[in-house]
Structure formats: structure tokens, C-alpha cells
Amino acid sequence: MKKNIIAMNASIMIGLGSILAAPSVYAESISDLEKQKESIQEQRSGVESNISDTEKKIDSLQDKQMTAEDQIAAIEAKIAESAKKIDAKNAEITQTKKEIEALKEEIKVLKERIAKRNEVLKERALSFQETGGDVNYLEVLFGSSSFGDLVDRVGAVATIAEADRDILKQHELDKKDLEEKQKAVETKLASLEVAKAELLEIQKQQKQQKQEKDALVKKLKQQTEKHEHEKMGLEEEKANLAAQEKAIKSAISLEHQRLAELEAARKKAAAEAKKRAEQEAAQAAAQAASQAASQASESKKQSTSSGYSAKSNSSSSSPASSNVSQAPAVSSGTFTRPSAGYVSSTMGERWNKQHAGIDIAASGTVPVVAAADGVVSRSYFSSSYGNVIFVTHSIGGQQWTTVYAHLSSRQASEGAVVAKGQQIGIMGNTGHSYGQHLHFELHKGPWNYSKSNAVNPLNYIPN
């Protein structure tokens, strides 16, 4: 009984023929399994390398992010400093404008003073035109009645002339002072406005730099999150590959064990055949010694042999049949339908993402069965798949992987050998799921994060 169980397990794991087949056939299957194991090891190495590269990218992005954040802090300090300088310039401009207002009052007084002087000068000019200028002074001098009067008149003329020169000189000085003050204050105000404009431009550039750095940090964070998500997927792929490698190693071990059983059975059959040959030789010698007795004995032996053969032929047993309650009938193809229900979603584009399998929906308690003979490589709870089971199959030298997701419960643990049509769980609504259904994936090769090996299950299972 134990030998039969071992042989059945080995047959389940590698999808081979009858236990009585030649050992060379199974040796080829072991070679195929070894190749699959080496392929998975290479893929694991590649995934580990990808994980390492992704970690380096994450570290680089985080370093860039920290650098950008330091730059943002420096820019913010410069913006604050520029704001202080702008406030100082605004205060200077306000003070200068106050000075301009005060100067306007001074200018008003100066203009009034100049206007009065202009009137005096106009009168002088009018008198000059009317009298002919110096003739006026001569008439004053020649009109003197005495030498003393002449001296007095000369002094008066000199005083008037000096007064006229002072008025003209002060008039020029006031005008020059007014022009200089106006020019100085206007220059100062213009200089302050230019300085303020320059500071505002610097501040604008600084704010633009900050916006660019903020955008860069945001982009770096998004890229970091993307690579972290990829890393999580790659780590899950690595775990799945490790589980599949373990399952194939188990299959190789059981196949070696089964082949050892076959070799032992072959040797036992050879020993029994040799023993029967020796017995037949001994019987032939006895027949030569006594022909008469031999004839009687031969007649009796033929009768006995005939009865034994009939008995032997009548003892053959028919293969047992098994049924799985509430599960679809096991089909004759390579893969059978994993559950009852209707296909609610097919493989392809869905919600701007690739739907890598099909959804089979049904209500009530719906059993989920293995689509083919294989080994459970993973049985765990995933945030996206919910309760999920991965089964590794080796069919005709080709590795396949089936995925059964969103189960309400799992009835097969990692390393378990399962037969085609054997119940492994119950349909459910766990993980990232909307309504009770089975999400079923079929991969020609190992499962990977990008799901590049996924094929359409509807091309392989009964509809």
C-alpha cells in the first residue's frame, strides 16, 4: 500500500504514466525537472539582482530627495532674507517720499521767493529800458548840488548796484539749489525703485527655484514609491520562485524514491522469474525419470494450471473512481475547470490595468479544485490576492503555474501534493475583491511580478 501511495504521489507531481513504464522514461522526466529547477534558480538570481538594482535606485532617489529638500530650505532662507531687504527698501522709499513732500514745501517757498525777486528784477529791467541803463546813474550824479551831495549820490548808486548784483546772485544760487535738491531726491528715489525691482526679481527667481525644487521632490517621492512597490513585487516573485524551486526539489526527491521502488520491484520480479525457471527445470528432470508418472502428473498439472489461470484472471480489479462534491466534473484535457460558476471577467485590459486571469463567480459554498496534478508552492494571505494558493505543475517537460485567489479558506498547505480535481479551497471575497468569485491565473512557466508568462485560461480549460 505504501509503495502504491509513493508511486501515485510521484505521478501527480510530474504528470507521468503508469508505474510499470520503463525507468529510462522517468529518468528523462527527472532531467526535465532538473532543468526547470536550474531555470528557476537563474530567474531567482535575476530577481535578486533586480531587487538589488531597485534598492540602489531607491537609495539614489532618497539621496536626491534629501539634497533637494536641503536646497529648498536654503532657498526659503534666501526668500526670507530677500523679503527683509524688500521691506527695508520699502521703508527707505517711504522715507524718501516723505522727504520729497517736505522738499516740495521748500520748493514752494523758494518759488515764491524767486517770484518776488523776479518782480524786483522786472522793475529794474523796466527802469533800465526806460532810462537807458547807465544814463540813469549819470543823471543822478550830475544832478548833485554840491560835492557832498555828489559823494552821497555816488554811495547811493553804488549801494543800489550792489543790491542788484546780490539779488541776481541769490536768485542764481536759489535756482541752482532747487535744481540740485530736485535732482538728488529724484535720483535717490529712482535708485531705491531700481533696487526694489531687483530684489523683487531675485525673490521671484527664488520662488521659481523653490517651485521647481518642490516639483522635483514630488517627482522623486513618486519615483521612490514606484520603485518601492516594484521591490515589494520582486520580493514576492522571489518568494514564489523559492517556493516553486522547493516544490520541484520535492518532486525530484519523490521521483527518485519512486524509481528506487520501481528498481526494487524489477529486481524482485527478476528473482521470482529465476526461481520459477529453476523450478521448471527441476520439474522437467523429474518428468524424464518417470514417463508414466509424468504423464499422469502432467495431466493433473494442466488441470491445476488451468484452474489457477482462471482464478488469476478473475482477480483483476477495476480502477476506483472519485467524485468531488459540488465541484465541476474532472475533464479529460490537460487542465480541468477549477470551480463551478460563470465567467464574470475575462483576461485583458481592465480599469487601466492588465487583468492577468479570469474571474469565475458563483454564490453559496463553492469548492475550488486543482486544475491539474501538481505541488502547492505557496499558500498564504496576500493584501491583493487575499487567501491565495499557487500550484506548480510539470506537464510534458513544461512547467506551469496556476493561481487561485480571493478564497474564503485554504485547504492545501505549501508542499502538499494535489491531484487534478482535488479540492484545495472555498471560493470567497478576500483581498482586493468586489463580490464572491475565484480569480484564476494560468502561467506557462513560473509566476513573476510582471506576469509576463500569463496565458488565457479559457484556451486551456472547459468553458
Side-chain angles (χ1 to χ4, degrees), residues 47 51 54 225-244 246-247 326-328 335 337-372 374-393 400-416 418 422-443 445-458 461:
V47 170
I51 290 173
T54 303
E225 289 174 359
K226 178 185 175 183
H227 287 304
E228 285 175 345
H229 185 69
E230 288 177 357
K231 181 185 173 184
M232 289 175 63
L234 289 169
E235 287 175 343
E236 186 172 6
E237 181 178 348
K238 177 183 175 183
N240 277 318
L241 288 170
Q244 290 182 38
K246 183 179 178 182
Q326 298 179 350
F335 297 97
R337 190 180 178 88
S339 76
Y342 67 95
V343 177
S344 60
S345 182
T346 57
M347 183 175 177
E349 189 77 16
R350 189 178 74 172
W351 303 330
N352 295 323
K353 292 179 67 177
Q354 180 67 17
H355 188 231
I358 62 171
D359 293 342
I360 302 175
S363 59
T365 302
V366 184
V368 174
V369 302
V375 178
V376 176
S377 54
R378 292 205 76 187
S379 178
Y380 71 113
F381 184 86
S382 163
S383 59
S384 56
Y385 279 139
N387 280 314
V388 61
I389 292 175
F390 289 71
V391 179
T392 299
H393 315 271
W400 297 80
T401 306
T402 50
V403 181
Y404 312 79
H406 307 313
L407 303 175
S408 63
S409 63
R410 292 175 277 118
Q411 297 171 356
S413 57
E414 292 185 10
V418 294
Q422 178 182 333
Q423 183 170 335
I424 58 175
I426 301 293
M427 186 184 292
N429 187 30
T430 58
H432 191 63
S433 170
Y434 302 97
Q436 178 172 296
H437 71 283
L438 168 69
H439 175 75
F440 177 69
E441 294 179 12
L442 178 61
H443 300 260
W447 181 97
N448 56 46
Y449 173 65
S450 62
K451 300 184 181 180
S452 59
N453 293 332
V455 295
N456 191 346
L458 295 179
I461 66 171

Considering residues at least two apart in sequence or located in another chain, which fulfil the side-chain hydrogen bond (donor to acceptor under 3.5 Å, both in side chains) criterion with [X]?
X      : answer
Arg410 : Ser379, Asn387
Thr430 : none
Ser382 : Ser384
Asn456 : none

Check residues 358-366 and write down every donor-acceptor pair under 3.5 Å in which the side-chain atom is one partner and the other belongs to a residue at least two apart or another chain.
residue: Asp359; atom: OD1; partner: His355; partner atom: NE2; Å: 3.4
residue: Asp359; atom: OD1; partner: His439; partner atom: ND1; Å: 3.0
residue: Asp359; atom: OD2; partner: Arg350; partner atom: NH1; Å: 3.0

Where [X] and [Y] come nearest, the two heavy atoms and their spacing:
X      : Y      : result
Ala405 : Leu438 : O-CD1, 3.7 Å
Val376 : Ala412 : CG2-CB, 3.8 Å
Ala340 : Met427 : O-CE, 3.7 Å
Pro367 : Ser339 : O-CB, 3.6 Å
Val418 : Ala370 : CG2-CB, 4.0 Å
Ile461 : Pro338 : CD1-CD, 3.9 Å

Taking atom [atom1] of [X] and atom [atom2] of [Y], what is their separation to the nearest 0.5 Å?
X      : Y      : atom1 : atom2 : answer
Leu407 : His437 : CG    : NE2   : 10.0 Å
Ile424 : Ser409 : CD1   : OG    : 10.5 Å
Gln354 : Met347 : CD    : CE    : 5.5 Å
Tyr380 : Tyr385 : OH    : OH    : 7.5 Å
Glu414 : Ile389 : CD    : CD1   : 10.0 Å

Discussion item. I need the full list of salt bridge (charged side-chain N to carboxylate O under 4.0 Å, His left out) pairs touching residues 445-458, with sequence neighbours left out, sorted by first then second residue.
Written reply: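 Output for this query lists Glu441-Lys451.
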Fill in: Where at least one partner belongs to residues 376-393, residue pairs that pass salt bridge (charged side-chain N to carboxylate O under 4.0 Å, His left out), sequence neighbours excluded
none
Item to complete: State which residues pass salt bridge (Lys or Arg N to Asp or Glu O under 4.0 Å) with Lys238; sequence neighbours excluded, sorted by chain then number.
Response: Glu48
For [X], what residues pass the side chain to side chain contact (heavy atoms under 4.5 Å, CB included) criterion, not counting sequence neighbours?
X      : value
Ser450 : Asn448, Ser452
Ala371 : Phe335, Thr402, Tyr404, Phe440
Glu228 : Ile58, Gln62, Thr224

Discussion item. Please check: side-chain N/O of Asn453 versus main-chain N/O of Trp447, any donor-acceptor pairing under 3.5 Å?
Written reply: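 No.
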Discussion item. If we ignore hydrogens and angles and just use 3.5 Å, is the side chain of His443 paired with the main-chain N or O of Trp400 as donor and acceptor?
Written reply: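 Looks like no, no N/O pair under 3.5 Å.
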